[in-house]
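I have a structure I would like to understand better, so I am pasting it below and will then ask my questions one at a time.
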Amino acid sequence: MELDLREIQGNVLAGFNTNMQVLIGLSVDAGRASDAAAWLAGLAPSITSMADIREERGIMKAQLTGGTGERVWLGIGIGSDFLAQIREDLFFFDAGFTLGFRKRARPVLGDRTDQNAWRVGSPDNPLDVLLIFGSNNEGAADGRADELLAQAAAAGLRNSYRETARRIDDLEHFGFRDGVSQPLVRGIDTGGVIDAGNFVFGYARKAGENPYLPGGDPKGYLRNGSFLVFRRLAQDVGAFRDFCHRKAKALAQHFPGLTAAHLEALIVGRWPKGALTLIGVTTDPGQRPNDNAFDFPSDPLWAECPLGAHIRKVNPRSGPKDVVDVLRILRRGIPFGPPFDSDPPAERGLAFISYQTSIQEQLEFLTSAWMNSPAAPAGSAGHDLLVGRNNGPRSMPIAFPSGTVELSDDGQQWITPTGGGYLFAPGKTTLGRLTEPVAAGVGWRASKLLSKASIFVNSTLGIGGLKP
């Protein structure tokens with residue numbers, strides 16, 4: 001089935017990839033849900049589609065080379081609680097989306113921070129709507145955001161979160177290239193091997209399968225939509241650097257000459273410029289043409305890239321793993337805050353954004369079953385020290401010349417979750433139909449009750465069905 005590029009939001013399959021983005025969180029005032037829905041429906045023509053991205057990419061890039069354009073791209077996500085208020089006839093089988101981000105954060109994602117102190121999506125300021133403004137002209141993006149915020153306020157939506165995020169030469173704040181290993185989508189990317197149904201509703205997830213829909217949809221709202229996951233992750237760069245400096249000294253007896261930079265690379269699995277860690281390579285070899293053209297069977301004893309390294313935890317490729325089919329996500333995150341060396345005390349981190357067609361089987365599985373587990377995807381992997389969460393101490397084995405050494409985090413974590421949300425990123429036509437009358441009939445109501453009952457029972461018994 002051919003992809004409807006005029007309907008699919010542009011940030012899903014193409015990614016805005018602009019130098020800056022303004023992220024706006026909106027919370028619906030009591031009694032104003034229908035007004036808010038009507039305003040959102042009116043935004044449909046303004047949402048940037050995949051086709052728009054293809055047609056305007058050159059114009060957007062021209063803003064970086066002296067162009068005076070004021071092009072701003074717009075993406076949107078609607079929170080699960082708000083969507084349930086305005087579209088009673090649209091329901092989902094996905095436990096993550098149905099139960100919502102706040103209920104899943106602690107038991108599934110391992111986020112144990114105080115939700116009342118979250119910067120976005122707290123109980124008092126729910127993330128009912130997320131607006132993403134992408135541009136290479138910061139003044140234009142701010143102006144467009146201000147314009148829509150004024151309209152939103154008149155429709156009963158208050159601004160509960162605003163943040164400007166900026167790219168740092170394609171690096172995240174720890175200093176590593178980000179987005180090196182994105183899935184290549186069939187029909188979109190050259191050499192694409194993963195079907196679009198893993199990221200967009202209404203298309204097959206594998207060749208020969210039926211189009212995938214994640215819920216009951218009597219009026220046909222789901223097609224061309226996606227699930228959007230947003231997590232605001234603060235990064236303590238100074239503490240991470242200090243840890244690696246101290247541990248490198250302590251481990252010198254096992255690996256003479258080990259540097260803090262080399263240890264950082266082993267924890268991540270790549271050097272800062274993107275090259276895979278390899279035996280005998282003790283400094284960053286720089287960016288290479290095929291930094292993503294590797295597999296892990298060539299490293300069966302994980303002597304080069306540790307099993308617990310972040311890149312191997314989230315994408316074990318053909319190496320050891322406890323499941324055969326690994327469901328990928330499309331990451332569209334962007335850093336917030338200034339680079340560490342320019343302002344060490346300032347807050348900084350990653351505005352993590354991903355798109356997928358199952359929060360439960362994709363984002364939550366990767367996080368709960370792999371990153372947060374010491375025994376998966378391979379039995380002796382250890383923890384993902386960079387991103388993984390755990391109640392107690394975390395550690396990962398590293399193969400040094402003198403033998404395997406267990407690297408402990410000493411009770412430290414360098415990434416702190418500060419809020420977020422699970423949202424529905426609708427196709428453009430669906431957004432414009434938000435205020436249509438509810439579908440008639442009782443069939444979908446019975447299905448909805450059964451679906452909610454099943455999700456409630458499974459989550460209560462602790463059988464969230466995270467395994468794909």
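One-based numbering along the sequence shown.
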Ring pair (Phe, Tyr, Trp, His ring centres under 6.0 Å) between F92 and F97, worked out: CA-CA 7 Å; F92 297 85; F97 186 78; 4.7 Å; yes
Mind checking whether F201 and F227 have parallel, tilted or perpendicular rings, split at 30° and 60°?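 Perpendicular.
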Does a sphere of radius 6.0 Å around NZ in K103 hold more than 12 heavy atoms from other residues, nucleotides or ligands, not counting ones at 6.0 Å or beyond?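 No.
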Report the C-alpha separation of D236 and R348 in whole Å, then their side-chain angles, then the decisive distance to 0.1 Å, and conclude whether the salt bridge (charged side-chain N to carboxylate O under 4.0 Å, His left out) test is met. CA-CA 8 Å; D236 192 338; R348 59 187 48 81; over 6 Å; no
Please test R71 against Q63 for side chain to side chain donor-acceptor pair (under 3.5 Å), starting from the C-alpha separation and ending with a verdict. CA-CA 8 Å; R71 187 78 58 178; Q63 293 177 183; 5.7 Å; no
Just by modelled atom types, is the L385 backbone N or O under 3.5 Å from a matching donor or acceptor in the R394 side chain?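 Yes, R394 side chain to L385 backbone: donor-acceptor pair under 3.5 Å.
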Charged N to carboxylate O below 4.0 Å: is that the case for R162 and D146?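 Looking at R162 and D146, the cut-off is met.
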Between F240 and F174 (judged by ring centroids, cut-off 6.0 Å), do the two rings come close enough to count as a pair?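 Yes, ring centres under 6.0 Å apart.
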Is there a donor-acceptor contact under 3.5 Å from the side chain of K428 to the main chain of S46?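 No: the side chain of K428 does not pair with the backbone of S46.
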Could you go step by step and tell me if K61 and E56 meet the salt bridge (charged side-chain N to carboxylate O under 4.0 Å, His left out) rule? CA-CA 9 Å; K61 287 182 177 179; E56 300 174 4; over 6 Å; no
Between the side chains of D195 and R186, is the shortest nitrogen-to-carboxylate-oxygen separation below 4.0 Å, so that they form an ion pair?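 A salt bridge is present here (some side-chain N lies under 4.0 Å from a carboxylate O).
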Qualifying residues under ring-ring contact (aromatic ring centres under 6.0 Å, His included), relative to F16, sequence neighbours excluded: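 Listed in chain order: W73.
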Side chain to side chain contact (heavy atoms under 4.5 Å, CB included) between D409 and H383, worked out: CA-CA 10 Å; D409 68 356; H383 293 96; over 6 Å; no
Evaluate the criterion side chain to side chain donor-acceptor pair (under 3.5 Å) for residue pair Q235 and W414; output intermediate values, then yes/no. CA-CA 6 Å; Q235 294 175 255; W414 311 288; over 6 Å; no
Dump the intermediate steps for salt bridge (charged side-chain N to carboxylate O under 4.0 Å, His left out) on D29 and R158, then the final yes or no. CA-CA 7 Å; D29 292 334; R158 56 188 166 82; 3.4 Å; yes
Flag for N11-Y355: side-chain donor and acceptor within less than 3.5 Å: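 There is such a pair (donor and acceptor under 3.5 Å, judged by atom type) between the side chains of Y355 and N11.
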Is there a donor-acceptor pair closer than 3.5 Å between any side-chain N or O of Q115 and the backbone N or O of P123?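 No, because the side chain of Q115 does not come within donor-acceptor range (under 3.5 Å) of the backbone of P123.
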Exam field: side chain D94 to backbone I359, donor-acceptor pair closer than 3.5 Å: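 Yes; at least one donor-acceptor contact below 3.5 Å.
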Could you go through R144 and E70, starting from their C-alpha distance and side-chain angles, then the distance that decides it, and tell me whether this counts as salt bridge (charged side-chain N to carboxylate O under 4.0 Å, His left out)? CA-CA 10 Å; R144 181 65 171 143; E70 297 186 351; over 6 Å; no
Taking only Lys NZ, Arg NE, NH1 and NH2, and the carboxylate oxygens of Asp or Glu, determine whether R87 and D217 approach each other closer than 4.0 Å.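 Salt bridge flag = no for D217 with R87.
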Assess the residue pair L423 and F101 against the criterion (side chain to side chain contact (heavy atoms under 4.5 Å, CB included)); give the C-alpha distance rounded to whole Å, side-chain angles, the decisive distance to 0.1 Å, and a yes or no. CA-CA 9 Å; L423 305 106; F101 183 75; over 6 Å; no
Main-chain N/O of N198 paired to Q362 side chain as donor or acceptor, under 3.5 Å: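 The answer is yes, because a donor-acceptor pair under 3.5 Å joins these two groups.
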Quick check on N159: does its CG atom have over 12 non-hydrogen neighbours (other residues, nucleotides or ligands) under 6.0 Å away?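 More than 12 within 6.0 Å, yes.
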For side chain to side chain contact (heavy atoms under 4.5 Å, CB included), just list the numbers for L228 and L130, CA-CA rounded to whole Å, side-chain angles, deciding distance to a tenth of an Å, and then say yes or no. CA-CA 10 Å; L228 187 167; L130 178 68; 4.0 Å; yes
Before giving the answer on side chain to side chain contact (heavy atoms under 4.5 Å, CB included), spell out for Q182 and R332 the whole-Å C-alpha distance, their side-chain angles and the decisive distance to 0.1 Å. CA-CA 10 Å; Q182 290 278 25; R332 303 297 182 216; 3.6 Å; yes
Spell out, as yes or no, whether a donor-acceptor pair under 3.5 Å connects the side chain of R223 to the backbone of G202.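 Confirmed, R223 side chain pairs with G202 backbone.
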N-O pairing of R177 and E172 below 4.0 Å: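 Result for this pair is no, no salt bridge flagged.
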